[in-house]
Every structure is written in C-alpha cells, then in structure tokens.
Amino acid sequence: MRMGSNIRAALLLASVFAVPVGCAADTEIDATIELRPGSGGVWLNTSVLGVLPLSELDLSGKFHRDVRVDQILIQEGDDAVVVDHTWSESGELRGLVGDQEVGGAAFLHSRWELTLQSDGGLEPATLFLSEVLQGDKGWRYVFTYDVGGGSFTALCDEDLEESGHAAVVIGDLTVDPITADMEPRADTLYLACTSGAVGKAALWGYAPWTIGLDAFEAAVRMVRADYCGDGTSWTKPGTPIQIADVWGIHGFTDKIGQTEAFWGEGGAICLSHPRAGGKVTCPGGDLPTCEAGAILSSEPGALLWTRLAPWSANRGH
C-alpha cells in the first residue's frame with residue numbers, strides 16, 4: 001500500500017517542554033508532563049488522564065498499569081447499552097452487544113467507565129469518546145474526560161501536524177514505557193496519540209496490521225531517533241526528516257538530503273548524521289557510520305532509510 005512518494009516528516013509533537021524523569025515538578029502541569037510515557041525528546045505517547053499516564057486498557061476486567069475498565073457503554077437511540085466485548089481490528093473499534101457486532105462510528109459518544117488505583121486507594125474515572133474520524137489515514141478517535149466544573153479536556157496532547165487530539169487504537173499491544181519494546185498482549189487496547197511516536201508511526205502508514213509488530217517497533221524507533229534501540233530519543237519535536245522504506249509506503253523526492261540512518265528491528269543499523277546533531281553514544285558501543293552510496297537493498301536487515309531534510313536547520317551537521 002503506497003501512501004505517497006515522499007513524507008516531509010516534521011516531528012511536531014506537542015510535548016516540547018519535557019521535564020526530565022526524576023526532576024521535581026512545581027506545578028500540576030509539569031507533573032503531568034513528567035509522567036508522560038517515553039520521557040525526553042520525542043514522546044512515545046502523550047496520553048494522560050490527570051497525572052496518570054494512560055496508554056493501555058485491559059479489557060478483561062483486571063487492573064493493568066493502575067487502571068481497570070469496568071464497562072463500556074454506547075448509545076442506541078436514547079439508551080446507553082453495555083458493550084459485552086470490545087476489540088480493535090486494523091485500528092477500528094469493534095464490539096459485541098449481545099449477539100450484534102458494532103463498530104467504528106457506533107462508539108461515538110461512548111462512555112468508558114474506569115477505576116484508577118493509587119496509594120490513596122481506588123477512585124472512579126470516565127472517558128468519553130467525543131469524536132470518531134475515518135479516512136485515508138484510517139480510524140482515529142478523540143477521547144476526553146471531565147476535569148470538573150463542566151469542563152472537559154482531551155486525553156491526548158494536540159498533534160500540531162493534524163490539528164487535533166486523536167488517537168489510533170491498536171489492539172493486543174503492550175509497549176514498555178521506558179525501553180519502547182513491544183509485545184503482543186491479549187485483551188488490550190493501546191491508545192496511541194498521533195502527537196506521540198506510536199500513533200505517529202501508525203498514522204504515517206506503518207501500523208502493525210500493515211507491516212507486522214517487529215517492523216512497527218522499528219518505525220516507532222525511527223520516529224523518535226531511538227538509534228540505540230533502548231528507548232532513548234536523540235531528537236526533539238519539530239525536526240524534519242525524509243523517509244524511504246522497503247514496503248513502498250514512502251520514498252524520497254528530494255535526493256540531496258544527507259543520510260541520517262538505516263533502521264532495522266533493533267534500532268539504527270548504522271548512523272551517519274544524527275538528527276539533532278552532536279554525538280550519539282549507545283550502551284553497547286558506537287554505531288557504525290553508513291557507507292557512502294548505501295541504499296536500502298545494500299544494508300542487510302534494513303527496513304527504513306532516513307535522510308535529513310534539505311530544508312532542515314541540521315543540514316551540514
């Protein structure tokens with residue numbers, strides 16, 4: 001599936017005021033930012049309910065990462081009915097109400113009743129699915145929650161490229177919030193904000209149902225400039241790149257940009273020009289420099305190839 005000959009990928013991810021993990025936060029806003037999954041650089045996800053990172057929902061009735069889903073209710077006429085079983089199929093929310101299968105827009109205005117677990121005990125919370133989007137970029141959903149006084153706020157930070165607060169809902173996925181390692185996990189929904197790297201990779205065409213989970217993980221590491229494959233992001237929001245890949249989803253239009261890196265399932269295979277400049281040091285040692293004239297087919301295991309965009313301020317680094 002080809003989605004375009006070129007992607008000018010400006011990583012305009014909303015959490016530009018990242019607070020390093022472990023630093024004291026003086027305000028509630030700072031505390032929220034500090035707890036975002038995948039801290040520093042480009043975030044893995046920007047999904048936060050109050051001050052609780054909320055990326056994954058277990059649908060089996062168990063607590064998972066301090067959250068339990070008690071029930072999901074959708075509107076049928078004037079009535080709210082319980083969804084007996086919920087899942088995501090290629091990014092589309094699906095559910096069973098009795099023996100009737102529902103999906104997509106049927107979840108508009110649905111209520112997701114949760115219980116949050118903390119040192120202070122248990123407390124209820126409710127998500128509302130406020131907007132359902134479907135188009136050539138697939139299904140996306142805008143979740144909100146009540147912050148009191150009749151006000152609601154979006155679960156996701158704003159995606160400055162898409163001008164919205166949407167998430168791609170990925171089924172049966174768990175993501176380590178520190179290392180970015182991915183594994184299948186049954187009865188789980190991952191709410192991947194398109195303002196974070198997991199949602200961004202899916203939005204750009206690299207969803208796991210399109211290219212497989214291992215390759216999707218590689219794409220997320222590419223978005224974050226996670227060269228070492230250990231969850232560390234070596235870039236910052238707003239840095240433009242160009243992408244080519246082995247699936248023909250994206251390819252280069254501008255031929256003059258410098259090669260940044262070739263990417264495989266474990267991170268960067270080689271690195272020539274770090275996205276944000278400077279020196280990259282990986283725990284296992286320095287990455288090799290990409291050979292001059294290398295292309296995707298000449299790099300064993302390479303799935304993606306990134307170049308610094310020729311209009312980037314990084315050009316010449």
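This chain uses plain numbering: 1 for the first residue, then up along the sequence.
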>> If I compare all heavy atoms of Val42 with all of Pro237, which pair ends up nearest, and what's the gap?
In response: CG2-N, 4.1 Å

>> Keeping Asn45 on the side-chain end and Cys193 on the backbone end, is there a donor-acceptor pair under 3.5 Å?
In response: yes

>> Quick check for you: to the nearest 0.5 Å, what is the distance between Thr115 atom OG1 and Arg68 atom CZ?
In response: 4.0 Å

> Does one side chain, of Asp187 or Ser60, offer a donor that lies under 3.5 Å from an acceptor on the other?
Replying inline: no

> Judged by atom type as modelled, is there a donor-acceptor pair below 3.5 Å linking the side chain of Ser195 to the main-chain atoms of Asp157?
Replying inline: yes

> When you look at CD of Glu291, are more than 12 heavy atoms from neighbouring residues, nucleotides or ligands closer to it than 6.0 Å?
Replying inline: no

> If every non-hydrogen atom of Trp43 is compared with every non-hydrogen atom of Arg224, which pair is closest and at what distance?
Replying inline: C-NE, 3.9 Å

> Between Ala218 and Leu303, what is the shortest heavy-atom contact and its length?
Replying inline: CB-CD1, 4.2 Å

> What distance do Leu73 atom CG and Ser110 atom OG have between them, rounded to the nearest 0.5 Å?
Replying inline: 8.5 Å

> ring pair (Phe, Tyr, Trp, His ring centres under 6.0 Å) with Phe63: which residues, sequence neighbours excluded?
Replying inline: none

>> Tell me whether Leu52 shares a hydrophobic cluster with Leu189, the cluster being built from Ile, Leu, Val, Met, Phe, Trp, Tyr side chains joined at under 4.5 Å.
In response: yes

>> How long is the straight-line distance from CZ of Arg140 back to CD of Gln134, given to the nearest 0.5 Å?
In response: 9.0 Å

>> Before you tell me yes or no, could you show the steps for Leu173 and Phe216 under side-chain contact (heavy atoms from CB on, under 4.5 Å), namely the whole-Å CA-CA distance, both residues' side-chain angles and the distance that decides it to 0.1 Å?
In response: CA-CA 11 Å; Leu173 173 68; Phe216 177 58; 4.2 Å; yes

> Have Asp181 and Thr179 got a donor and an acceptor in their side chains that come within less than 3.5 Å?
Replying inline: yes

> Where do Asp159 and Thr194 land on the side chain to side chain donor-acceptor pair (under 3.5 Å) test, with the steps shown first?
Replying inline: CA-CA 6 Å; Asp159 180 350; Thr194 62; 2.9 Å; yes

> Are any of the side-chain heavy atoms of Arg65 and Pro177 separated by less than 4.5 Å?
Replying inline: yes

>> So, applying side chain to side chain donor-acceptor pair (under 3.5 Å) with Thr306, which one of Glu260, Gln258, Gln242, His273 is it?
In response: Glu260

> Counting only N and O atoms by type, is there a donor-acceptor contact under 3.5 Å from the side chain of Asp226 to the main-chain atoms of Asp230?
Replying inline: yes

>> Between Thr86 and Phe107, is there a side-chain heavy-atom distance shorter than 4.5 Å?
In response: yes

>> So if I apply the side-chain contact (heavy atoms from CB on, under 4.5 Å) rule between Leu155 and each of Leu54, Val142, Thr46, which one comes out positive?
In response: Leu54

> From Thr259 OG1 over to Phe252 CZ, what is the distance, rounded to the nearest 0.5 angstrom?
Replying inline: 6.5 Å

> Between Trp139 and Tyr141, how do the two ring planes meet: parallel, tilted or perpendicular, split at 30° and 60°?
Replying inline: parallel

> Can you find a pair of side-chain heavy atoms, one from Cys282 and one from Leu287, that are under 4.5 Å apart?
Replying inline: yes

> Nearest 0.5 Å, what's the OG-OH distance between Ser233 and Tyr227?
Replying inline: 8.5 Å

> Quick one: do Phe128 and Val48 end up in the same hydrophobic cluster if we chain Ile, Leu, Val, Met, Phe, Trp and Tyr together by side-chain heavy atoms under 4.5 Å apart?
Replying inline: no

> Checking salt bridge (charged side-chain N to carboxylate O under 4.0 Å, His left out) for the pair Glu92/Arg94: CA distance, chi angles, key distance, verdict?
Replying inline: CA-CA 6 Å; Glu92 179 186 4; Arg94 308 292 299 175; 2.8 Å; yes

> Looking only at heavy atoms, which two atoms of Leu114 and Asp70 are closest? And how far apart?
Replying inline: C-OD2, 3.4 Å

> Side chains of Thr188 and Glu56: is there a donor and an acceptor less than 3.5 Å apart?
Replying inline: no

>> When you measure from the side chain of Arg221 to the backbone of Gly266, do you find a donor-acceptor pair of N or O atoms at a distance under 3.5 Å?
In response: no

> Can you tell me how far NE2 of His109 sits from CD1 of Ile74, rounded to the nearest 0.5 angstrom?
Replying inline: 12.5 Å

> Any idea which heavy atoms bring Glu265 and Glu217 closest together, and the distance?
Replying inline: O-OE2, 4.2 Å

>> Between Leu304 and Val280, is there shared hydrophobic-cluster membership here, with clusters defined by ILVMFWY side-chain heavy atoms closer than 4.5 Å?
In response: yes

> Do you know which two heavy atoms are closest between Val198 and Ala192, and how far apart they sit?
Replying inline: CG1-CB, 3.7 Å

> Linking I/L/V/M/F/W/Y whenever any side-chain heavy atoms sit under 4.5 Å apart, do Leu93 and Leu108 land together?
Replying inline: yes

> Going through the checks in order, is the side-chain contact (heavy atoms from CB on, under 4.5 Å) test met by Ile241 and Thr235?
Replying inline: CA-CA 11 Å; Ile241 57 172; Thr235 188; over 6 Å; no

> Between Arg111 and Glu113, is the closest basic N to carboxylate O distance under 4.0 Å?
Replying inline: yes

> Taking C-beta and beyond as the side chain, do Trp263 and Asp245 meet within less than 4.5 Å on heavy atoms?
Replying inline: no

> Once the angle between the rings of Phe262 and Trp305 is folded into 0 to 90°, is it parallel (under 30°), tilted (30 to 60°) or perpendicular (over 60°)?
Replying inline: parallel

>> For a 4.5 angstrom cut-off between non-hydrogen side-chain atoms, does Glu158 reach His165?
In response: yes

> If two hydrophobic side chains count as joined below 4.5 Å and joins carry through other members, does Ile249 share a cluster with Val246?
Replying inline: yes

> With a 4.5 Å heavy-atom cut-off, do Asp286 and Thr281 have their side chains touching?
Replying inline: yes

>> When you compare the side chain of Trp209 with that of Ile170, does any pair of heavy atoms fall below 4.5 Å?
In response: yes

>> Working note: Tyr190 + Ser88, criterion side-chain contact (heavy atoms from CB on, under 4.5 Å); need CA distance, chi angles, decisive distance, verdict.
In response: CA-CA 9 Å; Tyr190 190 96; Ser88 179; over 6 Å; no

> Does the side-chain contact (heavy atoms from CB on, under 4.5 Å) test come out yes or no for Trp112 and Val83, once each step is laid out?
Replying inline: CA-CA 10 Å; Trp112 300 55; Val83 182; over 6 Å; no

> Hey, are the side chains of Arg275 and Leu308 touching, using non-hydrogen atoms and a 4.5 Å cut-off?
Replying inline: yes

>> Taking atom CD as the centre, does Glu101 end up with more than 12 heavy-atom neighbours from other residues, nucleotides or ligands that are less than 6.0 angstrom away?
In response: yes

